[in-house]
Amino acid sequence: SSRNKRTQLHAKSLIRTKLSDLLEDAIRQVIKNSDYGDKDVPELCIRQVTSRQCTTLVRELMHTTYKPRAYPAEFPYRNKCLLLFQEIDG
């Protein structure tokens, strides 16, 4: 049991990002303006745990069809994983 307490991680110890702060504020505002109102709202914490640059390839038929219009063969995108943590019973 003492070992579990030593290795226990907390969501608030994870790095904050602009996106996580923005989402936390928005969710707090929605809860505040909802029927839930001023009741005891559980503590919520949003953290971005991964962010990586990826590329998706265009299918051959699509690329062949639109090649005269300078359609690219691949598209870059950013893949992010956001987690919402809720504090339950301390």
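Numbers for residues simply follow the sequence, beginning at 1.
Counted within 6.0 Å of CZ on Arg78, heavy atoms from surrounding residues, nucleotides or ligands total more than 12; the atom is thus considered enclosed. Remark: Phe85 CZ is packed, more than 12 non-hydrogen atoms of other residues, nucleotides or ligands lying under 6.0 Å away. Residue Ile15 places its CD1 atom among 12 or fewer non-hydrogen atoms of other residues, nucleotides or ligands, all under 6.0 Å distant.
The closest donor-acceptor contact from the side chain of Thr64 to the backbone of Glu60 lies under 3.5 Å.
The line from CD of Gln48 to CG of Leu19 is 6.0 Å long, rounded to the nearest 0.5 Å. Expressed to the nearest 0.5 Å, how far CD1 of Ile46 lies from CZ of Arg28 amounts to 8.5 Å. In this structure, Lys18 NZ and Leu23 CG are separated by 14.0 Å, a value rounded to the nearest 0.5 Å.
Minimum interatomic distance between Tyr71 and Tyr66 (heavy atoms only, all atoms of both residues): CB-O, 3.2 Å. Residue Arg16 comes nearest to Asp21 through the heavy atom pair NH2-OD1, 2.7 Å, listed as atom of the first residue, atom of the second, then distance.
Both Met62 and Phe75 belong to a single network of hydrophobic side chains, linked directly or stepwise wherever heavy atoms of I, L, V, M, F, W or Y lie under 4.5 Å apart. Leu83 and Ile27 fall into different hydrophobic clusters, defined by Ile, Leu, Val, Met, Phe, Trp and Tyr side-chain heavy atoms under 4.5 Å apart, directly or through other members.
No side-chain heavy atom of Glu43 sits less than 4.5 Å from a side-chain heavy atom of Cys45.
Exactly one of Leu84, Leu82, Leu14 qualifies for a side chain to side chain contact (heavy atoms under 4.5 Å, CB included) with Arg47. That residue is Leu14.
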